[in-house]
Every structure is written in C-alpha cells, then in structure tokens.
Amino acid sequence: MRYLIDNFSAVMDLTATHLYLALTPLLLGAAIAIPVGALVRRIPWLRRVTVTTAELAYTIPSLALFVIIPPLVGISTIDPLNVIIVLTIYSTALLVIAVPAALDAVPANVLDAAEAIGYGPLRRTLTVEMPLAIPVFVSSLRVVVVTDIAAVSVGAVIGVGGLGTLFTQGYQRDYPDEIVAGVIVMLALALISDRLVYLLGRWATPWTRADARVTGGSR
C-alpha cells in the first residue's frame with residue numbers, strides 16, 4: 001500500500017491507459033458482434049460456423065496474436081493498437097456468441113404478439129427482441145469487460161503500458177509492493193467496471209425494475 005500512496009499519480013496514469021486499452025476493444029467488439037450475432041441467429045448453418053470460428057479465435061493465446069497481428073496490419077509490436085486489435089478479436093468472439101443466446105431468451109409469446117400486430121423482422125428485432133435481450137446480454141458483457149481488463153496486463157510483456165507495467169517492473173526489481181499495488185488497482189478497476197455495466201443494464205431496462213416492485217408489493 002505504501003508504494004500505491006507514494007506513486008499515486010503515476011499509477012493513475014497507468015490506470016487511464018489500462019482503461020483505454022480495455023474499453024476500446026469492448027466497444028468495438030460490441031459494435032461488430034451485435035449486428036453480426038443478430039444476422040446469423042436465424043440461419044442455423046451460418047450461426048454454427050460463426051460460433052465455431054469465434055470459439056477457435058478465443059482459444060488462440062494472446063501472446064501469439066501480439067506477434068502475428070503487427071506484420072499483418074503494418075504496425076509495431078509495441079504499438080497500443082496491437083493490444084486493441086487483439087482484444088477486439090477476443091471481445092467480438094465472446095459477444096458474437098452471446099448475442100444470439102440473448103435473443104433466444106426473448107419469450108416466444110412476445111414475438112408472436114409483435115408479429116400479430118404487423119411488425120416486420122427488422123422492426124421486431126430492433127424494437128422488441130434487442131431491448132428484451134439486454135439483461136441476458138449484459139451478463140455476458142460483464143464477463144467480457146472484466147476479461148479485457150485482466151488481458152490488458154499481458155500487453156506489458158511486449159512493452160505496451162497499463163497496470164501490467166507494475167507487474168513486470170516489480171518482478172524485474174524484485175519489489176513485491178509494486179506488484180501488490182498493481183493487483184489492488186486492477187481488482188478495483190474490474191469491480192467498478194463490472195458494477196457500472198450492471199447499472200447501465202438496469203438503466204436501459206426500466207421495466208425490470210417496475211416488475212420487481214410489482215412482485216415485491218404483491219407479497
């Protein structure tokens with residue numbers, strides 16, 4: 001804790017970099033996975049291919065991708081964009097599996113009602129299925145945001161900044177306090193981010209709060 005107090009400003013700078021490297025891939029992954037997941041959901045063979053490809057992509061070790069990606073896109077290994085691309089691949093892989101599963105959780109009677117009143121496939125997906133799928137999707141999103149925060153630390157091995165720098169420097173200097181400081185801040189960052197995503201999901205689904213109040217009041 002003493003290291004954290006004495007070097008608070010430097011640690012906060014690393015935290016800001018860490019957040020940027022973790023949240024940017026999360027947003028990019030969601031932007032890719034949501035439309036792709038919604039499109040492949042209704043085509044069984046394409047859904048199987050997409051899910052299998054995503055599962056295979058997620059099994060590739062991050063260090064291997066950190067080495068493979070730079071020559072493919074023409075960037076330096078220590079470029080922060082390298083970490084963003086790799087984590088975007090992982091985020092997309094996880095979320096493209098989660099999106100169809102979340103849409104599958106929407107009750108069939110709700111879909112039948114939407115179809116009965118004349119909603120076409122696109123309108124039904126955008127205005128009925130996706131809003132109702134938010135609670136299930138947010139559960140997966142919470143996993144991804146915590147996973148990305150943890151994975152950014154691996155970038156320190158190739159020289160990209162973030163809280164992982166405290167681990168590599170602490171190990172090289174045999175200074176456990178620096179490593180402990182990194183662990184504490186990263187845990188706090190993961191817990192806060194997880195809670196914020198949960199609250200965002202609650203804010204986006206006000207009907208779930210109304211249902212909870214009605215259920216509680218009826219007891």
Might you point out which heavy atoms bring [X] and [Y] nearest each other, and give the distance in Å?
X	Y	answer
P100	G37	CG-O, 3.6 Å
P70	V67	CD-O, 3.6 Å
P35	A30	CD-O, 4.2 Å
A38	M130	CB-CE, 3.7 Å
L126	P131	O-CD, 3.4 Å
A133	A102	CB-O, 3.4 Å

Would you give the length of the straight line joining atom [atom1] of [X] to atom [atom2] of [Y], rounded to the nearest 0.5 angstrom?
X	Y	atom1	atom2	result
R48	I43	CZ	CD1	11.5 Å
L94	T147	CG	OG1	6.0 Å
I149	M186	CD1	CE	8.5 Å
L63	I68	CG	CD1	11.0 Å
L187	I192	CG	CD1	11.0 Å

Got a sec, which residues hit salt bridge (Lys or Arg N to Asp or Glu O under 4.0 Å) with E129, two or more places apart in sequence or on another chain?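 Here the qualifying residues are R41, R42, R124.
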
Please indicate whether I75 has more than 12 foreign heavy atoms, meaning atoms of other residues, nucleotides or ligands, lying under 6.0 Å from its CD1.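 For I75, atom CD1 is crowded (more than 12 foreign heavy atoms under 6.0 Å).
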
Between V180 and I184, does the side-chain contact (heavy atoms from CB on, under 4.5 Å) criterion hold? Intermediate values first, please. CA-CA 6 Å; V180 171; I184 291 173; 3.8 Å; yes

Which residue pairs pass the side-chain hydrogen bond (donor to acceptor under 3.5 Å, both in side chains) test when at least one of the two sits in residues 151-166, sequence neighbours left out?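 Every pair satisfying side-chain hydrogen bond (donor to acceptor under 3.5 Å, both in side chains) with a residue in residues 151-166: there are none.
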
What verdict does the side-chain contact (heavy atoms from CB on, under 4.5 Å) test give for L200 and L196, after you've listed the backbone C-alpha separation in whole Å, the side-chain angles of each residue and the deciding distance to 0.1 Å? CA-CA 6 Å; L200 181 62; L196 287 175; over 6 Å; no

Just so I know, are the side chains of [X] and [Y] near enough to count as touching, which here means a heavy-atom distance under 4.5 Å?
X	Y	answer
T15	V11	yes
V145	L23	yes
R47	T50	no

Any chance you could lay out the side-chain contact (heavy atoms from CB on, under 4.5 Å) test for L141 and L95, step after step, and finish with the verdict? CA-CA 7 Å; L141 197 62; L95 293 176; 4.0 Å; yes

Let me check something: do [X] and [Y] share a hydrophobic cluster, defined by ILVMFWY side-chain heavy atoms less than 4.5 Å apart, either directly or through other members?
X	Y	value
V160	Y20	yes
L21	L19	yes
Y58	V99	yes
I97	V143	no
V136	I134	no

I34 vs F137, test: side-chain contact (heavy atoms from CB on, under 4.5 Å). Steps then yes/no. CA-CA 10 Å; I34 291 174; F137 178 70; 4.1 Å; yes

When the side chains of residues 81-89 are checked against the rest of the protein, which donor-acceptor pairs come out under 3.5 Å, sequence neighbours left out?
residue	atom	partner	partner atom	Å
N82	ND2	F66	O	3.0
N82	ND2	T77	O	3.0
T88	OG1	I84	O	2.6

Is it true that a side-chain atom of [X] and a backbone atom of [Y] form a donor plus acceptor pair closer than 3.5 Å?
X	Y	answer
Y198	S193	no
Y90	A151	no
H18	V152	no
T59	L56	yes

Partner residues of [X] under the ring-ring contact (aromatic ring centres under 6.0 Å, His included) criterion, sequence neighbours left out:
X	result
F8	none
Y175	Y3
F167	none

